[in-house]
Amino acid sequence: MNILVTGGLGYIGSHTVVELIENNYEVIIIDNLSNSELFILDNIKKITGVKPKFYNEDLLDLNKTNEVINKHDIDGVIHFAAFKSVSESIKYPLKYYRNNLLSLINILRSMDENNISNIVFSSSCTVYGQPDKLPVSENAPFKKAESPYSKSKQISEQIIEDFVNSNDNISSISLRYFNPVGAHDSGMIGELPIGIPDNLVPYITQTAAGIRDELSVFGNDYNTSDGTAIRDYIHVVDLAKAHLMAIKRLNNSKKKNIFEFFNVGKGTGFSVMDVINSFEKINNIKLKYSFKDRRDGDIEEIYSDVTKSKNILKWQAEKNLDDMMSSAWKWQKYLK
Ligand code: WQD
């Protein structure tokens with residue numbers, strides 16, 4: 001089976017490529033290196049013994065996308081390629097809408113023109129906004145998106161739904177990620193934030209490495225057990241395995257024209273302090289941090305109901321918070 005992975009050198013993409021190769025899939029990567037680095041391709045080879053076919057192309061160029069797809073007999077697509085910084089999307093909304101929506105439209109057009117049926121789409125728990133009920137399940141409504149990034153994911157899911165409804169030959173599964181953290185056990189692939197990290201865990205590891213002076217904890221006045229905000233952190237390797245189950249489900253399904261979406265989280269909520277305490281304990285490191293005001297756009301609490309993923313996707317997360325924190329630190333030390 002040949003799987004095209006867009007954004008396959010990125011954080012979640014590269015971990016998914018490793019899982020696909022280790023399950024005997026042929027992987028073809030399209031990545032424009034806007035948020036990834038080429039050494040990840042070499043490290044995928046070091047981990048798996050296989051160097052996947054790689055094309056440094058931008059999905060915004062439909063002709064180039066078609067040229068790549070025409071070179072291979074593609075059985076399915078996993079579409080990661082998108083910008084994903086919440087704060088940057090607030091500063092540059094048009095950049096986010098153009099890139100994230102046009103890339104998706106082009107890959108769907110190219111699938112249609114090349115008779116490729118199956119797509120797994122990288123969606124996000126941010127499509128829910130601040131849910132009324134927790135844990136949040138897939139039938140929760142899309143509430144007001146907190147950022148253009150989140151809105152681009154809401155719109156993307158709707159584009160896919162409309163396209164599946166218009167075309168009997170297309171099937172899709174959208175995976176709504178919660179908070180992916182950690183790194184591959186090898187310590188050779190992981191998150192590569194550009195500049196100052198937006199996200200909690202890379203900021204923690206860079207503080208521990210002395211790259212940042214101190215971690216700011218954004219808000220300790222939330223209505224939670226320790227006052228800090230709660231998220232559903234999931235190990236990136238568990239998340240990668242969910243993509244394997246999704247592409248398998250599409251490739252093995254007798255039913256055509258599938259349109260499904262699943263929560264992909266641990267199914268538990270951890271506060272910022274839980275994460276800090278786990279990092280300090282498992283790595284035997286004292287972290288420098290101080291409490292600051294809440295960050296704009298942050299919600300108080302979210303964690304997933306993963307019943308549907310367990311029952312239908314036959315997937316559930318296995319790694320715990322300590323695994324996430326020890327693997328994140330191992331990767332940071334590799335980057336030194
Ligand atoms: C987590 C918590 C912060 C940084 C992310 C992705 C988004 C989506 C969901 C996939 C919050 C606090 C953070 C720091 C802090 N994933 N924090 N100090 O905002 O939940 O969103 O996951 O689509 O793309 O961005 O994750 O890691 O930024 O924040 O206190 O320096 O950590 O306030 O409570 P978030 P995050």
Side-chain angles (χ1 to χ4, degrees), residues 7 10-13 15 35 79-90 96 100 121-131 136 145-154 156-157 174-182 191 193-208 211-236 239-240 242-243 261-266 269-279 287-304 321 324-325 328:
Y11 176 38
I12 302 159
H15 285 83
N35 192 18
H79 179 50
F80 291 102
F83 295 151
K84 62 149 206 156
S85 164
V86 168
S87 56
E88 190 190 31
S89 76
I90 293 166
Y96 268 67
N100 291 5
F121 174 64
S122 164
S123 190
S124 165
C125 66
T126 55
V127 299
Y128 296 117
Q130 174 62 71
V136 62
E146 303 286 339
S147 69
Y149 162 78
S150 319
K151 212 173 290 176
S152 78
K153 291 297 184 182
Q154 289 180 339
S156 293
E157 285 203 25
S174 291
L175 297 180
R176 294 173 181 167
Y177 307 162
F178 281 72
N179 287 53
V181 296
E191 198 165 2
I194 298 172
I196 301 173
D198 265 343
N199 295 135
L200 176 64
V201 173
Y203 207 105
I204 286 177
T205 59
Q206 289 191 9
T207 302
I211 298 167
R212 308 289 162 203
D213 293 338
E214 176 187 77
L215 168 73
S216 300
V217 176
F218 296 137
N220 63 337
D221 59 347
Y222 285 103
N223 183 21
T224 61
S225 55
D226 60 24
T228 63
I230 289 174
R231 295 290 184 275
D232 181 332
Y233 298 95
I234 174 171
H235 197 294
V236 66
L239 179 57
H243 292 78
F261 38 85
F262 297 91
N263 284 342
V264 183
K266 181 88 179 135
F270 289 114
S271 72
V272 175
M273 287 314 300
D274 290 331
V275 175
I276 291 171
N277 294 336
S278 165
F279 182 85
L287 205 57
K288 201 161 170 265
Y289 62 88
S290 63
F291 295 107
K292 300 285 186 343
D293 291 341
R294 296 181 181 190
R295 180 174 64 175
D296 288 349
D298 274 349
I299 59 174
E300 177 165 88
E301 182 173 8
I302 186 169
Y303 58 94
S304 58
L321 188 59
M324 299 177 211
M325 292 304 108

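As the structure lists them, so they are numbered: ligands from 1, and atoms in each ligand from 1. Below, each value reflects all heavy atoms present in this structure, side chains not excepted, and no hydrogens, waters or symmetry copies.
- When the salt bridge (Lys or Arg N to Asp or Glu O under 4.0 Å) test is applied to E300, no partner is found at least two apart in sequence or on another chain.
- At least one N or O atom of N199 sits closer than 3.5 Å to an N or O atom of ligand 1.
- Remark: among candidates F270, Y289, Y233, Y149, the nearest residue to atom 7 (C) of ligand 1 is Y149, based on non-hydrogen atoms.
- In terms of heavy atoms, S150 sits closest to V127 at O-CG1, 4.4 Å.
- Of all non-hydrogen atoms in T207 and Y203, the two that sit nearest each other are OG1-O, 2.7 Å.
- Those atoms of ligand 1 that come under 4.0 Å of a heavy atom in V217, given as number and element, are 30 (O).
- Contacts between Y222 and ligand 1 below 4.0 angstrom, taking non-hydrogen atoms only, are absent altogether.
- In terms of protein heavy-atom proximity, atom 20 (O) of ligand 1 is closest to R231 NE, 2.7 Å.
- Closest to atom 16 (N) of ligand 1, if we only count protein heavy atoms, is F178 O, 3.5 Å.
- The heavy-atom pair separating T228 from F291 by the smallest distance is CG2-CE2, 4.1 Å.
- Within the listing of ligand 1, atoms 4 (C), 28 (O) sit less than 4.0 angstrom from a heavy atom of D198.
- Y96 and E88 are linked by a side-chain donor-acceptor pair at a separation below 3.5 angstrom, with hydrogens and angles left out of the test.
- Atoms of ligand 1 found under 4.0 Å from any heavy atom of A229, numbered from 1 in the order shown, are 34 (O).
- Considering both main-chain and side-chain atoms, Y203 never comes within under 3.5 Å of ligand 1 through any nitrogen or oxygen pair.
- When only non-hydrogen protein atoms are considered, atom 17 (N) of ligand 1 lies nearest to F218 CD1, 3.7 Å.
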- [ ] Starting from the C-alpha separation in whole Å, work towards a yes-or-no answer on side chain to side chain contact (heavy atoms under 4.5 Å, CB included) for Y177 and I234.
- [x] CA-CA 8 Å; Y177 307 162; I234 174 171; over 6 Å; no

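- At a heavy-atom distance under 4.0 Å, only side-chain atoms of R295, from C-beta outward, approach ligand 1.
- Protein heavy atom in closest approach to atom 27 (O) of ligand 1: L200 N, 2.8 Å.
- Looking at heavy atoms from C-beta onward, I299 lies in side-chain contact with R231 at the 4.5 angstrom threshold.
- At a 3.5 angstrom cut-off on N or O pairs, S124 counts as close to ligand 1.
- When heavy-atom distances to ligand 1 are checked against a 4.0 Å cut-off, S216 comes that close only through its backbone atoms N, CA, C and O.
- Other residues, nucleotides and ligands contribute over 12 non-hydrogen atoms within 6.0 Å of the CG atom of D298.
- Near D298, with a cut-off below 4.0 Å to any heavy atom, the atoms of ligand 1 are 3 (C), 19 (O), 33 (O).
- Not counting sequence neighbours, the partners of F279 by the ring-ring contact (aromatic ring centres under 6.0 Å, His included) test are W329.
- Checked by atom type and distance alone, the side chain of R295 never pairs as donor or acceptor with a backbone atom of G219 at under 3.5 Å.
- Salt bridge annotation for K288-D213: absent, with no cationic side-chain nitrogen under 4.0 angstrom from a carboxylate oxygen.
- Only the side chain of L215 comes within 4.0 Å of ligand 1, counting heavy atoms alone; its backbone N, CA, C and O stay farther away.
- Between F80 and H243, the ring planes are tilted. Angles from 30° to 60° get that label.
- Numbered from 1 in the order shown, with element, the atoms of ligand 1 that lie under 4.0 Å from a heavy atom of K84 read 24 (O).
- With a 4.0 Å cut-off on non-hydrogen atoms, V272 touches ligand 1 through its side chain and not its backbone.
- In the candidate list I276, N179, V86, N179 is nearest to atom 9 (C) of ligand 1, counting heavy atoms.
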